[in-house]
Amino acid sequence: MAQEDRFKKIIAHAKEYGFVFPSSEIYDGLSAVYDYGQNGVEMKNNIRAYWWDAMVNLNENIVGIDSAIFMHPEIWKASGHVDAFNDPLIDNKDSKKRYRADQLIEDYLDKLQGKINKEAEKASKKFGESFDREKFLGTNPRVLANRDKIDRIHGRFVKALKMDDLVELRQIIIDCEIADPESGSRNWTDVRQFNLMFDTRLGSVNESASKIYLRPETAQGIFVNFLNVQKSGRMKIPFGIAQTGKAFRNEIVARQFIMRMREFEQMEMQYFVRPGKELEWFEFWKDKRMKWHQSLGLGKEKYRFHDHDKLAHYANAATDIEFEFPIGFKEVEGIHSRTDFDLSQHQKFSGKKMQYFDNDLNESYVPYVVETSIGLDRMFLTVLAGSYEEEKLEKEGADEERVVMRIPAFLAPVKVAVLPLVKKDGLPDTARKIMDELKLDFNCQYEEKDSIGRRYRRQDAIGTPYCITIDHQTPKDETVTIRYRDTMEQERIPVKQLRDFVQEKVSPKKQLSMLG
RNA sequence: GCGGGAAUAGCUCAGUCGGUAGAGCAUCAGCUUCCCAAGCUGAGGGUCGGGGGUUCGAAUCCCCUUUCCCGCUCCA
């Protein structure tokens with residue numbers, strides 16, 4: 001409970017200090033859509049840049065692209081999204097539980113098959129070694145009745161799925177007297193289709209305009225450009241293509257702040273490898289990506305792998321990197337061994353050869369793919385949640401508290417605050433000069449209003465790692481104090497050294513060099 | 001989408017039995033000059049989430065609706 005409160009506080013803090021706002025708020029908001037504010041956009045850009053540096057710049061064999069959100073509609077048939085993102089759903093009116101209609105029918109068919117197997121089992125025990133399983137299955141009246149039933153239902157089921165016949169799907173459920181597995185109730189609503197892909201029209205608004213989708217993932221933009229990049233970049237396997245960009249999913253339920261949004265940003269890299277080598281590379285990227293996360297310094301114990309037991313049809317290995325949010329461990333990044341599924345599908349649907357000629361093997365093949373796919377918005381939330389701290393301060397008298405965002409300096413939205421100690425004696429002028437110097441290199445804020453202590457706290461709240469204070473000593477010896485966000489300690493340094501000093505502290509170079 | 005709860009100033013909240021909306025903090029201007037937030041003076045800011053109804057009169061009662069939170073469900 002306390003943890004949930006903490007999550008709420010982080011959301012409130014994000015809004016109050018210009019990180020994340022609900023979309024269209026003055027019109028009552030728009031469900032599961034959020035806007036990034038003045039501080040949020042800086043931090044988001046910094047996270048994206050850190051990922052790009054680590055993937056594209058640090059790896060000579062990885063290049064980036066930026067593909068369009070609109071793509072040829074056939075792509076989503078090839079990828080399986082047109083089928084897989086169309087779930088027929090049905091609700092039980094009594095228990096208020098929701099199920100996938102196709103799942104209910106499949107479970108029912110499985111149960112019938114189970115009955116047949118049991119029947120055979122029983123007979124086998126009874127007749128011992130003289131038992132002829134095939135003959136039994138072909139003659140026993142109970143088995144025959146069930147097999148006949150399975151055939152009939154299965155036939156209707158397949159046809160209904162093919163025709164998208166929702167009424168027939170419901171009729172099958174009624175005819176088979178399928179009950180809610182939990183409550184036993186057979187009081188069902190109509191079957192409804194939820195397509196998780198947004199669609200719109202390309203071209204003029206008329207009958208001939210074609211329906212196109214807003215991409216539900218960025219990965220396909222990479223697959224369809226595989227040949228373009230490989231040839232124009234003279235890439236040799238293994239190599240990777242990286243991309244960041246928006247994707248859209250019309251989630252039935254989207255909740256938990258920016259954890260699941262209808263419009264979100266992905267950072268993906270598809271790594272093309274020799275068939276048979278994919279599981280080695282899968283392990284390689286698991287390790288690399290985990291190191292990237294841990295390089296942020298938010299606490300190694302807050303990360304874990306969660307291997308998938310149930311694999312998607314295209315994958316032969318999959319794992320999630322999870323981060324411990326106040327509401328529990330949640331997926332931040334997925335690493336999948338996608339086999340040659342995607343390229344093969346595009347080869348099939350487009351009729352173009354999606355192959356690579358490997359000189360070392362002297363043969364051509366459809367490459368296998370290992371994917372690293374990370375949600376930028378979730379990453380953003382990771383940094384927020386991992387940085388937010390209500391710190392108890394010891395002070396004479398009452399207990400004091402400060403809210404401080406311990407954001408890694410290279411991700412912080414504002415790097416430096418320039419603060420004249422008081423608003424007189426020419427200190428603001430001196431501060432302005434320093435500000436003008438520094439703002440060419442860093443995102444800086446100048447503040448002269450309110451007491452110095454209050455200004456420090458305001459900077460703590462947005463995670464500014466360094467505050468530079470111009471005091472009465474500055475005009476005398478050209479030095480200022482620099483105050484550290486995390487320790488609240490101060491140091492005095494010459495104005496001349498400021499730029500280099502800050503530069504070294506807010507650059508991601510040190511972290512990146514450890515990843516390289 | 002279903003069930004439950006919530007919505008009053010930027011934030012936290014008060015508002016009695018239905019009688020024209022209040023506090024603290026924050027914001028802005030001026031004063032004060034101080035190294036870890038809440039000194040002084042003044043000002044701005046709300047059609048009480050939106051729409052409809054009952055009533056002489058609605059923040060308050062009724063209906064609808066939107067958004068958020070919790071649970072269910074879903075999650076390439």
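Every chain is numbered from 1 and lettered A, B, ... according to where its sequence line falls, protein lines coming before strand lines.
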Would you say CZ of Phe70(A) has more than 12 non-hydrogen atoms from neighbouring residues, nucleotides or ligands within 6.0 angstrom?
no
Separation of C31(B) P from Lys424(A) NZ (nearest whole Å)
12 Å
Less than 4.0 angstrom from a charged side-chain N to a carboxylate O is my criterion; do Asp450(A) and Arg455(A) meet it?
no
Go through the N and O atoms of the side chain of Arg483(A) and the base of C36(B), and report whether any donor-acceptor pair is under 3.5 Å.
yes
Base, sugar-phosphate, or nothing: which does Lys330(A) touch, judged by heavy atoms less than 4.0 Å apart?
nothing
If pairing means Watson-Crick or G-U wobble with both distances under 3.5 Å, then the partner of G18(B) is none
Closest-nucleotide 5' rank along RNA chain B - winner of Gly453(A) and Val422(A):
Val422(A)
Closest-nucleotide ordering on RNA chain B, the 5'-leading residue of Ile11(A) and Ile470(A):
Ile470(A)
Using atom P in both nucleotides, what's the gap between A23(B) and G46(B) to the nearest angstrom?
15 Å
Ring centres under 6.0 angstrom apart (Tyr484(A), Tyr466(A))
yes
Leu421(A) has a side chain; which of A76(B), U32(B), C35(B) sits nearest to it?
C35(B)
If we take the P atom in both U20(B) and A59(B), what is their distance in whole Å?
10 Å
Nucleotide C28(B), atom P - distance to NZ of Lys423(A) in whole Å:
10 Å
Whole-Å distance separating the CE atom of Met259(A) from the P atom of C69(B)
12 Å
Would you say Arg454(A) reaches U33(B)'s phosphate, i.e. side-chain N/O to OP1/OP2 under 4.0 Å?
no
Given the C1' atoms of C56(B) and G45(B), what is the spacing between them in whole Å?
32 Å
Here the distance between atom P of A76(B) and atom NE2 of His308(A), to the nearest Å, is 8 Å
What's the gap between A58(B) and U16(B) when it is taken at their C1' atoms, as a whole Å value?
16 Å
Taking only side-chain N and O atoms of Lys15(A), does any of them lie within less than 4.0 angstrom of OP1 or OP2 on C11(B)?
yes
For Tyr446(A), does the six-membered ring have the charged nitrogen or CZ of Arg432(A) within the cation-pi criterion, i.e. under 6.0 angstrom from the centroid and within 45° of the normal?
yes
Between Lys246(A) and Glu265(A), is there a side-chain N and carboxylate O pair less than 4.0 Å apart?
no
Side chain of Arg457(A) - closest among A37(B), C35(B), A76(B)
A37(B)
Report the base-pairing partner of U60(B) (Watson-Crick or G-U wobble, both distances below 3.5 angstrom), or none.
none
Give the nucleotide from the list A37(B), C11(B), C36(B) with an atom nearest to the side chain of Ser451(A).
A37(B)
Contact class for Asp471(A) vs. all strands (heavy atom < 4.0 Å): base, sugar-phosphate, or nothing?
base
Taking the minimum atom-to-atom distance to the side chain of Met488(A), which one of C34(B), C35(B), C36(B) wins?
C36(B)
What's the gap between A6(B) and G53(B) when it is taken at their P atoms, as a whole Å value?
25 Å
Counterpart base for U12(B), defined by Watson-Crick or G-U wobble contacts under 3.5 Å
A23(B)
Picking from C34(B), A29(B), C35(B), the nucleotide nearest the side-chain atoms of Lys449(A) would be A29(B)
Measure distances between side-chain N and O atoms of Gln490(A) and base N and O atoms of C35(B), and say whether any donor-acceptor pair falls under 3.5 Å.
yes
When the P atoms of G39(B) and C70(B) are considered, how many whole Å apart are they?
37 Å
Counter-base of G71(B), judged by Watson-Crick or G-U geometry with both distances under 3.5 Å
C2(B)
Between U32(B), C34(B), A76(B), which nucleotide gets closest to the side-chain atoms of Ile452(A)?
C34(B)
For Ile462(A) and A37(B), what is the distance between atoms CD1 and P respectively, to the nearest whole Å?
18 Å
What's the gap between A21(B) and C31(B) when it is taken at their P atoms, as a whole Å value?
35 Å
Paired with A29(B): which nucleotide, if any, by Watson-Crick or G-U wobble criteria at under 3.5 Å for both distances?
U41(B)
Between Gln243(A) and Ser67(A), do the side chains contain an N or O donor and an N or O acceptor separated by less than 3.5 Å?
yes
Nearest whole angstrom, please: distance from the P of C11(B) to the CZ of Phe21(A).
11 Å
If I take atom CZ in residue Arg458(A) and atom P in nucleotide C36(B), what distance separates them, rounded to the nearest angstrom?
16 Å
Nucleotide forming a Watson-Crick or wobble pair with A7(B), both distances under 3.5 Å:
U66(B)
Output the rounded distance in Å from CD1 (Ile335(A)) to P (A76(B)).
16 Å
Lys8(A) side chain: which of U33(B), C69(B), C35(B) is closest?
C69(B)
Taking the P atom of each, how far is U27(B) from C68(B), in whole Å?
29 Å
Output yes when a side-chain donor or acceptor of Arg483(A) lies under 3.5 Å from a complementary backbone atom of Met488(A), and no otherwise.
no
Does the structure show a Watson-Crick or G-U wobble partner for U54(B), both distances under 3.5 Å? Name it, or say none.
none
Any base atoms under 4.0 Å from Ser373(A), or only sugar-phosphate, or nothing? Heavy atoms, all strands.
nothing
Tell me whether the NZ or CZ atom of Lys77(A) lies within the 45° cone about the ring axis of Phe349(A) and under 6.0 Å from its centre.
no
Identified pairing partner of C35(B), criterion: Watson-Crick or G-U wobble below 3.5 Å
none
